[in-house]
Amino acid sequence: MPESIYDHNQIELKWEERWKNDPDLYRANDPTAKKYYVVEMFPYPSGRLHMGHVRNYSIGDALARYMWMRGFNVKHPIGWDAFGLPAENAAIKRNMHPRDWTISNIAEMKRQMHRMGFAYDWNLEIATCEPDYYKWNQWFFLKMFERGLAYRKKAMVNWCPECATVLANEQVIDGCCWRHETTPVEQRALEQWFWKITEYADELLRDIDDKLQHGWPERVLSMQRNWIGRSEGSEVDFKVESTGEAIRVFTTRVDTIYGATCVILAPEHPIAQKLLDDAGRAKAKQLIDARKQQGPGDLIKDGTFTGQYAINPYSGEKVPIWIGNFVLMDYGTGAIMAVPAHDERDFDFCTTFGIPIRPVIRPVDGELDENPKAAFCEYGITANSGEFSGLPSEEARRKMNQFAEEKGFGKAAITFRIKDWGISRQRYWGTPIPMIHCPKCGVVPVPEKDLPVELPYNVKFTGKGRSPLAEVPEFMNVKCPTCGADAQRESDTMDTFVDSSWYFYRYCDPKNNALPFDSAAAETWFPIDQYIGGVTHAILHLIYSRFFTKVMRDLGMITNSEPAANLFTQGMVLGSDGSAMSKSKGNVVDPEDMVGKYGADTCRLFVLFANAPEKDMPWIESSVGGPRRFLERVWRFVTRNIDRQPENPNPDADRKALRKLHQTIRKVTEDFDNRWHFNTSIAALMELINELYDQEAGLSRGVLDRILWDLVLLLAPFAPFMAEELWEQMGREGPVFRRQWPGWDDELVKEDTLEIPVQVNGKLRTRIAVPLGTSQADLEKIAQADPKVQPFIEGKTVAKVIVVPEKLVNIVVR
RNA sequence: GCCCGAAUGGCGAAAUCGGCAGACGCAACGGACUUAAAAUCCGUUUCUCCGUAAGGAGAGUGUCGGUUCAAGUCCGACUUCGGGCACCA
């Protein structure tokens with residue numbers, strides 16, 4: 001009988017068809033089973049999968065299938081973000097409507113996901129860009145507005161004068177427009193909507209330490225800590241000598257305030273604008289412009305004297321007021337005191353402009369350096385600091401804060417680096433902001449009963465400045481809900497990060513039209529057990545969604561304070577040039593080609609086998625043959641043994657094969673439970689099949705049955721098509737994923753003889769084979785008597801023998 | 001500058017709690033089968049040295065030092081690469 005050939009196309013197309021038409025395939029048998037919620041992110045709205053995505057989804061897919069086989073009720077949705085702007089640009093390029101582009105893209109993605117056999121829950125379909133879903137973005141906006149968490153202010157945006165339109169940050173390349181590479185981007189002030197994420201800054205930071213430390217990767221947490229950027233310090237008022245107006249400065253080193261030799265304001269600072277004369281204001285404008293063009297990094301310190309002085313409230317000293325280009329308006333109070341002796345930046349600035357340098361901190365066991373050549377930034381002991389002299393920095397800060405508070409010119413203060421979330425986008429394809437501008441009443445929210453404010457379908461994409469919505473009178477003209485006068489709608493739409501901040505809650509109740517989701521449903525599924533996504537989302541998405549969760553909790557919608565208990569950030573797939581595989585770099589590998597050639601199972605096995613999933617994977621296609629050959633070996637072994645009646649069964653082969661089987665079950669199970677190192681799980685499966693080939697001739701029928709059954713179950717999370725097909729050919733009842741994950745027997749896992757390495761002074765000299773359970777004393781005796789060991793201990797004193805049970809013997813000689 | 005992460009054969013990698021470094025796979029080489037090739041099956045493969053051979057000795061996980069009977073793993077200092085933040089007061 002000719003051996004059965006593994007024809008991946010025939011098998012995979014067959015099962016793809018069956019799975020596609022079985023909406024209940026991925027529902028647990030038992031609705032009361034414990035839940036396990038896996039969410040995965042699309043890294044890009046590319047509309048086509050590449051092998052980078054395949055790797056990402058293979059990870060979550062294997063996990064979901066495993067959890068399911070462990071008896072959990074698994075929800076495994078996929079999320080996407082940022083369909084707004086890319087969709088609009090792509091649609092303009094193809095002369096399509098963004099809505100049509102989005103719908104066709106999602107259909108295409110869905111087709112590809114099916115071809116790969118991924119077990120996704122597609123409940124939401126296109127909801128994030130349709131009124132069904134974005135109605136609730138608007139609802140959230142109104143709630144934020146009610147609670148004072150949404151506000152409007154003028155803010156700077158990137159503006160391309162050539163396109164006459166607003167650009168997102170990622171469309172600005174080297175300070176120029178992405179479509180006009182020689183046109184510098186300008187900054188314009190536009191009225192924008194903001195959400196007060198800063199209100200939650202403290203809690204967002206605290207929860208990093210309190211709750212997340214075990215389930216989230218350290219690198220993401222440290223990026224978030226960095227981004228939130230809390231620093232403790234003091235605010236102190238320096239009064240302008242001539243006007244008495246207070247300049248509030250922020251410092252983390254109030255203990256050095258007796259060394260402050262000037263006050264420096266950001267060029268934009270309102271007080272600076274008042275104090276400066278015309279020439280000074282021109283200089284300030286020049287500094288602001290120069291900073292924008294240069295960008296951060298290599299800025300040379302520059303500034304100018306305002307001609308005015310301020311009073312140091314601690315010493316009563318009169319110090320000059322300067323403006324400086326390195327002082328940022330949107331951090332702290334936009335004003336600093338310069339202590340050149342103890343801060344490097346102040347030192348640079350003051351040496352440039354000949355401002356005096358006065359040290360007021362000495363090292364704990366050193367002298368005060370009267371003429372410093374460079375700034376000394378460490379904590380130490382205060383000196384020349386009036387009544388606060390001679391104190392350790394820490395204590396000085398405490399006492400000085402207290403003093404300031406008593407006298408009413410300052411206090412201890414905390415500043416965050418994180419800024420409020422600007423959610424306005426001057427784009428069409430996004431959620432319309434549900435606000436109305438009334439000439440009489442000002443800004444008025446759309447009443448909740450009028451939601452959703454729908455996007456008009458007929459829109460011309462003029463690319464001119466305001467949102468395309470502003471050009472649609474039917475949309476813009478509206479009556480004021482308060483006074484009934486003619487009014488205008490807000491023409492901006494929301495950042496699509498708003499969509500992605502809470503979509504995973506909507507998944508647990510996607511058809512709800514009374515609320516964003518039912519609280520009981522959220523209570524069942526949240527927090528998410530496992531969130532999977534690229535590290536690219538570490539900052540924006542993963543902070544916004546934490547913020548949203550806390551807001552929803554405060555709205556009484558949920559009880560959890562964090563969206564996800566565990567976060568897994570998979571490594572990138574690196575293209576042939578060693579950089580991340582991405583469409584814009586043109587180094588992507590298309591899964592369609594690979595799937596056609598090797599099959600989806602092989603592709604998935606290949607990307608999981610390459611290395612541990614949290615590490616970046618270098619793309620070396622030539623090694624895809626290994627996983628493919630492995631699957632062929634499995635295929636042949638199973639198909640030829642389904643009905644075979646063994647001629648010469650022997651117990652030794654049975655025992656060896658069963659031992660390997662049980663060892664493999666344990667290994668794969670532990671990998672799933674602890675660390676998801678699928679590469680080692682797959683290596684274990686390869687070892688198993690190698691052992692089975694060795695023992696094949698001697699296996700009895702009963703053992704074969706057990707082995708075939710478990711082998712296919714073990715394979716199922718990694719190669720679902722083949723597993724399902726083999727399961728069916730074996731005549732078992734499917735689907736294979738409804739079967740219980742196999743267990744192992746600790747007795748069967750044990751080897752009956754052990755190979756114990758014997759070292760002399762830590763150097764390996766031989767290995768001895770001993771029966772399991774040999775006593776330590778016997779091990780010691782056998783090891784010392786070994787002919788290979790003898791020459792190394794002869795004539796020497798055995799000082800000590802270390803025996804690690806079942807592991808090793810080390811003989812220490814002198 | 002600050003904060004994270006990484007460094008192991010020709011290549012991707014493994015070694016999970018301080019206990020045999022290189023599992024598993026790729027590539028390469030050799031053998032079986034074949035008229036031949038492919039496929040398949042079975043071997044060999046960290047480096048250096050000794051030996052005709054069976055075999056043996058030494059070195060070895062980016063560098064230098066330390067702790068330990070024992071270090072890829074722990075400690076101290078450094079180098080290189082990758083990532084994040086960056087005049088954040």
Side-chain angles (χ1 to χ4, degrees), chain A residues 3 5 217-227 229-231 233-234 249-253 256 264 266 291 296-301 324-328 330-339 342-346 348-349 415-418 535-536 538-539 572 574 578-580 605-606 609-612 614-627 629-630 632-633 636 667 670-671 674-675 677 679-687 690 693-694 755-767 788 799-813:
Chain A
E3 208 157 54
I5 303 294
E218 182 52 42
R219 89 181 139 150
V220 170
L221 297 180
S222 74
M223 278 162 78
Q224 292 207 353
R225 252 182 236 117
N226 211 326
W227 184 262
R230 177 192 151 103
S231 56
S234 321
V249 304
F250 176 75
T251 177
T252 53
R253 292 297 306 273
T256 65
I264 308 174
R291 180 157 62 198
D298 47 347
L299 195 68
I300 296 158
K301 288 197 175 47
N325 61 345
F326 69 102
V327 180
L328 306 173
D330 53 7
Y331 182 78
T333 58
I336 64 163
M337 61 173 197
V339 184
H342 302 296
D343 183 280
E344 234 171 281
R345 293 153 307 182
D346 298 348
D348 289 349
F349 187 84
T415 289
F416 291 94
R417 204 191 75 97
I418 192 171
V535 74
T536 43
I539 301 294
M572 291 176 298
L574 304 180
S579 64
L605 214 55
F606 170 56
F609 179 61
N611 61 3
E614 70 270 19
K615 292 185 184 163
D616 287 348
M617 173 196 172
W619 188 261
I620 301 165
E621 195 167 332
S622 57
S623 52
V624 72
R629 270 191 287 274
F630 163 69
E632 285 170 0
R633 278 162 72 83
R636 285 197 303 269
K667 168 77 182 151
E670 286 176 352
D671 274 347
N674 300 324
R675 48 175 216 171
H677 281 203
N679 52 333
T680 56
S681 309
I682 294 165
L685 287 168
M686 287 170 167
E687 282 185 60
N690 291 346
Y693 267 60
D694 286 348
E755 272 220 329
I756 304 288
V758 180
Q759 300 178 335
V760 178
N761 286 349
K763 268 188 193 201
L764 180 71
R765 291 305 172 190
T766 190
R767 297 184 178 88
K788 294 241 176 71
K800 175 150 59 150
V801 180
I802 287 149
V803 180
V804 185
E806 301 188 16
K807 279 266 156 87
L808 145 150
V809 178
N810 189 12
I811 303 166
V812 186
V813 297

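If you're wondering where the values come from, they're calculated on a predicted model, not measured in any experiment. Throughout, a chain's letter reflects where its sequence line sits, starting with A, and its residues are numbered from 1.
- If you find the closest nucleotide of RNA chain B to A:Arg219 and to A:Val812, the one lying nearer the 5' end belongs to A:Arg219.
- Base pairing of B:rC2 is made with B:rG84, judged by Watson-Crick or G-U wobble geometry with both donor-acceptor distances under 3.5 Å.
- Between B:rG22 and B:rG60, the two C1' atoms lie 11 Å apart (nearest whole Å).
- Backbone-only engagement by A:Ser231 is indicated by non-hydrogen atom pairs under 4.0 Å involving sugar-phosphate atoms exclusively.
- Remark: the separation of the P atoms in B:rG66 and B:rA13 is 32 Å, to the nearest Å.
- For A:Glu621, there are no salt bridge (charged side-chain N to carboxylate O under 4.0 Å, His left out) partners at least two apart in sequence or on another chain.
- Spacing of C1' atoms, B:rU79 relative to B:rA27, comes out at 31 Å, to the nearest Å.
- Note: CH2 (A:Trp227) to C1' (B:rA86) measures 12 Å, nearest angstrom.
- With a cut-off of 3.5 Å on both Watson-Crick or G-U wobble distances, the partner of B:rC17 is given as none.
- The distance between atom CD1 of A:Ile539 and atom C1' of B:rG83, rounded to the nearest whole Å, is 12 Å.
- A:Leu221 has its CG atom 14 Å from the C1' atom of B:rG5, to the nearest Å.
- Screening A:Asp346, A:Thr251, A:Ile264 for a side-chain contact (heavy atoms from CB on, under 4.5 Å) involving A:Met337 leaves a single residue, A:Thr251.
- Separating the P atom of B:rC47 from that of B:rC11 is a span of 11 Å, rounded to the nearest Å.
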>> For nucleotides 12-22 of chain B, give me one character per nucleotide, 5' to 3': B if any protein heavy atom sits under 4.0 Å from the base, S if the only such contacts are to the sugar-phosphate, - if neither.
In response: BSSSB--BB--
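- In B:rG9 the O4'-C1'-N dihedral to the base is within 90° of 0, which defines a syn nucleotide.
- Across all strands shown, B:rC24 forms a Watson-Crick or G-U wobble pair with B:rG12, both key distances being under 3.5 Å.
- Every residue two or more places apart in sequence or in another chain that forms a side chain to side chain contact (heavy atoms under 4.5 Å, CB included) with A:Lys788 is listed here: A:Thr766, A:Asp786.
- One P atom belongs to B:rG72, the other to B:rG1, and the distance between them is 32 Å to the nearest Å.
- Residues satisfying the salt bridge (charged side-chain N to carboxylate O under 4.0 Å, His left out) criterion with A:Asp671, sequence neighbours excluded, are A:Lys667, A:Arg675.
- Evaluation of the salt bridge (charged side-chain N to carboxylate O under 4.0 Å, His left out) rule for A:Arg253 yields A:Asp255 as partners, not counting sequence neighbours.
- Separating the CG atom of A:Asp348 from the C1' atom of B:rA89 is a distance of 13 Å, rounded to the nearest angstrom.
- Under the salt bridge (charged side-chain N to carboxylate O under 4.0 Å, His left out) criterion, A:Glu687 pairs with A:Lys660, not counting sequence neighbours.
- Using a 30° and 60° split on the angle between ring planes, A:Tyr331 and A:Phe250 fall in the perpendicular class, above 60°.
- In this structure, B:rA38 forms no base pair with any nucleotide, since neither Watson-Crick nor G-U wobble geometry is met with both distances under 3.5 Å.
- Across all strands shown, B:rA70 remains unpaired; no Watson-Crick or G-U wobble contact has both distances below 3.5 Å.
- In terms of the side-chain hydrogen bond (donor to acceptor under 3.5 Å, both in side chains) criterion, residue partners of A:Glu632 (sequence neighbours excluded) are, by chain and number, A:Arg628.
- Atom C1' of B:rC41 sits at a distance of 13 Å from the matching atom of B:rU34, rounded to the whole Å.
- Side-chain nitrogen and oxygen atoms of A:Arg417 include none within less than 4.0 Å of the OP1 or OP2 phosphate oxygen of B:rA89.
- Here A:Asn226 pairs with nothing under the side-chain hydrogen bond (donor to acceptor under 3.5 Å, both in side chains) rule; sequence neighbours left out.
- Listed candidates were B:rC3, B:rC26, B:rC24. Nearest to the side chain of A:Ser222 is B:rC3.
- Figure legend: cation-pi geometry between A:Lys301 and A:Phe349 absent, as NZ or CZ is not positioned both under 6.0 Å from the six-membered ring centre and within 45° of its axis.
- Look at B:rU52: it lacks any Watson-Crick or wobble partner with both distances under 3.5 angstrom.
- Nucleotide B:rG83 holds its C1' atom 12 Å from the CG atom of A:Leu574, rounded to whole Å.
- B:rU79 is paired with B:rA7 under the criterion used here, namely a Watson-Crick or G-U wobble arrangement in which both key atom distances are under 3.5 Å.
- Toward the 5' end of RNA chain B, the nearer of the two residues A:Met223 and A:Gly229, judged by each one's closest nucleotide, is A:Met223.
- Look at the P atom in both B:rG62 and B:rG25: the space between them is 25 Å, to the nearest Å.
- Interatomic distance, A:Asn611 CG to A:Glu614 CD, rounded to the nearest 0.5 Å: 8.5 Å.
- B:rG58: Watson-Crick or G-U partner is B:rC47, with both key distances under 3.5 Å.
- B:rU45 sits 10 Å from B:rA23 when the P atoms are compared, rounded to a whole Å.
- Considering only residues two or more places apart in sequence or on other chains, A:Asp694 meets the side-chain hydrogen bond (donor to acceptor under 3.5 Å, both in side chains) condition with none of them.
- Here the straight-line distance linking atom CZ of A:Arg765 with atom CD of A:Gln759 works out to 10.0 Å at 0.5 Å rounding.
- At a threshold of 4.0 angstrom between heavy atoms, the contacts of A:Val327 include nucleobase atoms, whether or not backbone atoms are also involved.
- Atom CD in A:Glu632 sits roughly 6 Å away from atom P in B:rU40 (whole-Å rounding).
- For B:rC17, the base is syn relative to its sugar; the glycosidic angle is within 90° of 0.
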Find every protein N or O atom lying less than 3.5 Å from an N or O atom of nucleotides 41-44 of chain B, and list the pairs.
residue : atom : partner  : partner atom : Å
B:rC41  : OP1  : A:Arg633 : NH1          : 2.6
B:rC41  : OP1  : A:Arg636 : NH2          : 3.2

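- For the pair A:Glu614 CD and B:rG83 P, the interatomic distance rounds to 18 Å; values are reported in whole Å.
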Show me the protein contacts with nucleotides 55-59 of chain B, counting only N or O atoms at under 3.5 Å.
residue : atom : partner  : partner atom : Å
B:rG58  : OP2  : A:Arg765 : NH1          : 3.0
B:rA59  : OP2  : A:Lys763 : NZ           : 2.8

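- Remark: P of B:rG84 and CG of A:Asn226 are 12 Å apart, rounded to the nearest angstrom.
- Between A:Phe630 atom CZ and A:Asn690 atom CG the span is 9.0 Å, to the nearest 0.5 Å.
- For A:Asp343, the side-chain hydrogen bond (donor to acceptor under 3.5 Å, both in side chains) partners two or more places apart in sequence, or in a different chain, are A:Arg345.
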